[in-house]
There are 2 protein chains.
Amino acid sequence: MTTQSFEKFTAFLHGKSLRATTVRESIVKAVMARKGHFNMDELVRDLRAQGVEASRATVYRVMPLLVKAGIVQPTVVSGKIHHYETAFGHKHHDHLICGECGKVVEFHFEAFEILQREVAAKHGFELTSHYHELIGVCPDCRARRRPRES
Amino acid sequence: MTTQSFEKFTAFLHGKSLRATTVRESIVKAVMARKGHFNMDELVRDLRAQGVEASRATVYRVMPLLVKAGIVQPTVVSGKIHHYETAFGHKHHDHLICGECGKVVEFHFEAFEILQREVAAKHGFELTSHYHELIGVCPDCRARRRPRES
DNA sequence: CTTCATGCAAAAGATTTGCAAGTTC
DNA sequence: GAACTTGCAAATCTTTTGCATGAAG
């Protein structure tokens, strides 16, 4: 998977007489290992965790190339990139987050996807991605909150 | 309307022994005069246009108060405030955003709310709020993209 | 007159860019 | 070896904060 992606990227780079460097390979790997949305900071953290010392400036310079190569897709709102996500390869899921302890539960519910496409279509939009997080209180925190409720 | 909002804000402020100042009144007015979504920069521009010389720092400090007072509602994406909108005068809605030109279409689809509660309940969560933004390409941008597609 | 608000300037965080040195082809 | 990349540091931009001064209650 990862290798395949880097090969795709290499082909893209060579087509533009750009170089397929080791740093770029590391970045592609880190990106492909990501699931769901991620931002610059999370990506850099991942790289650091893997011992890759790519400077932020480099990552900032490489991301647009990955976008042009069709490997990642950015969500751009008002001219700014809010987050990226890999353009293929993983199942999509949304998040249910506990606003008190921060616990995150991933879920996938096809009905949402269907309705989302329906809404987009109704307005003539071509849907490219979505941001869907449910915020609530998890069972543990609810128990903690009401220790002795009847 | 405007006056009414400032009174609401005044009540909120006094309840917390904070001051109802003229600068704050100007900010509430500017906010209420806004229709739809706006960001910090647009708001400050509006203030400047009305001859109000509130410093950015002050506006940045006042907005959280307006949020707490229930006068404006922020849309938060990835932990950052993407935009604000006045909290009343319109029903709850989600957003369909054009990733290319930034156009925002509001929609309300009860089925989403029902399914969201269902998902939360399935995991034992008590749902408190949600972020739901659909990102896509609007009809205009699609046309612009493919000028002469069959 | 006490407490809070404001403006300014400095600080902090995020992203971009110029430049010299290191790599890729 | 030529052209492209990288890291660093400096430059921008956006948002936050400390502090002395000015206003509200």
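Chain letters run A, B, ... following the sequence lines, proteins first, then strands; residues in each count from 1.
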Student: Check every atom of D/dT15, D/dA24, D/dA9 against the side chain of B/Met40 and return the nucleotide holding the closest atom.
Tutor: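 The nucleotide sitting nearest to the side chain is D/dT15.
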
Student: Which whole-number value in Å describes the distance from B/Tyr60 OH to C/dA10 C1'?
Tutor: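 Spelled out: OH on B/Tyr60 to C1' on C/dA10 is 16 Å.
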
Student: Are A/Tyr131 and B/Ile135 close enough that some pair of their side-chain heavy atoms sits under 4.5 Å apart?
Tutor: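 No, side chains not in contact.
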
Student: Is B/Asp46 salt-bridged to B/Lys29, cutoff N-O under 4.0 Å?
Tutor: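 Looking at B/Lys29 together with B/Asp46, the answer is no, because their closest N to O distance does not fall below 4.0 Å.
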
Student: Would you work out how much the helix from C/dC1-D/dG25 to C/dC25-D/dG1 bends between its ends, with each end axis defined by five base pairs, to 10 degrees?
Tutor: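 Rounded value for the end-axis angle: 30°.
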
Student: Grab the CG-P distance between B/Leu18 and C/dT6 for me, whole Å please.
Tutor: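 Rounded to whole Å, this separation is 10 Å.
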
Student: Are B/Thr58 and C/dA5 close enough that a side-chain N or O sits under 4.0 Å from OP1 or OP2?
Tutor: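 Result: no.
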
Student: With no hydrogens and no angle check, do the side chains of B/Glu85 and B/His93 hold a donor and an acceptor under 3.5 Å apart?
Tutor: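 Looking only at side-chain atoms, B/His93 and B/Glu85 do form a donor-acceptor pair, the distance falling under 3.5 Å.
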
Student: Would you say the side-chain atoms of B/Gln116 and A/His132 include a donor-acceptor pair closer than 3.5 Å?
Tutor: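 Looking only at side-chain atoms, A/His132 and B/Gln116 do form a donor-acceptor pair, the distance falling under 3.5 Å.
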
Student: B/Asp41 has an atom CG; how far is it from atom P of D/dT15, in whole Å?
Tutor: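 The answer, rounded to whole Å, is 8 Å.
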
Student: When you measure only distances, ignoring hydrogens and angles, does the side chain of A/Arg61 come within 3.5 Å of the base of D/dG7 through a donor and an acceptor?
Tutor: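 Such a pair exists between side chain and base.
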
Student: Between atom CD1 in A/Ile27 and atom C1' in D/dT5, what is the gap in whole Å?
Tutor: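 One finds 11 Å between C1' of D/dT5 and CD1 of A/Ile27, rounded.
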
Student: A/Ala57 side chain: which of D/dC8, C/dA9, C/dC25 is closest?
Tutor: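 Nearest listed nucleotide: D/dC8.
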
Student: Are side-chain N/O atoms of B/His108 and B/Glu110 paired as donor and acceptor at under 3.5 Å?
Tutor: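 On atom types as modelled, these side chains qualify, holding a pair under 3.5 Å.
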
Student: Figure out the CD/P separation between A/Glu25 and C/dT24, and round it to whole Å.
Tutor: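 Result: 11 Å.
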
Student: Please determine whether a side-chain nitrogen or oxygen atom of A/Arg56 lies at a distance below 4.0 Å from atom OP1 or OP2 of C/dT15.
Tutor: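 Answer is no, no contact under 4.0 Å.
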
Student: Nearest whole angstrom, please: distance from the P of D/dT14 to the CG of B/Asn39.
Tutor: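 Result: 10 Å.
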
Student: In plain terms, say whether B/Glu42 and B/Arg48 are close enough for a salt bridge, that is, a side-chain N and a carboxylate O under 4.0 Å apart.
Tutor: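 So B/Glu42 does not pair with B/Arg48 through a salt bridge.
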
Student: How would you list, by chain and number, every residue that makes a salt bridge (charged side-chain N to carboxylate O under 4.0 Å, His left out) with A/Arg61, sequence neighbours excluded?
Tutor: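 Here no residue qualifies.
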
Student: Separation of A/His14 atom NE2 from C/dT24 atom P, in whole Å?
Tutor: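 Going from NE2 in A/His14 over to P in C/dT24 covers 11 Å.
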
Student: Starting at atom CZ of A/Arg19, determine the distance to atom P of C/dT24, rounded to an integer number of angstrom.
Tutor: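 Distance, rounded to whole Å: 10 Å.
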
Student: Give a yes/no on whether any side-chain N or O of A/Thr21 is located under 4.0 angstrom from OP1 or OP2 of D/dT6.
Tutor: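 A/Thr21 to D/dT6 OP1/OP2: side-chain N or O found under 4.0 Å.
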
Student: Verify the contact: side-chain N or O of B/Arg24 to OP1 or OP2 of C/dT6, cut-off strictly under 4.0 Å; return yes or no.
Tutor: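 Answer yes for this pair, as a side-chain N or O of B/Arg24 is under 4.0 Å from OP1 or OP2.
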
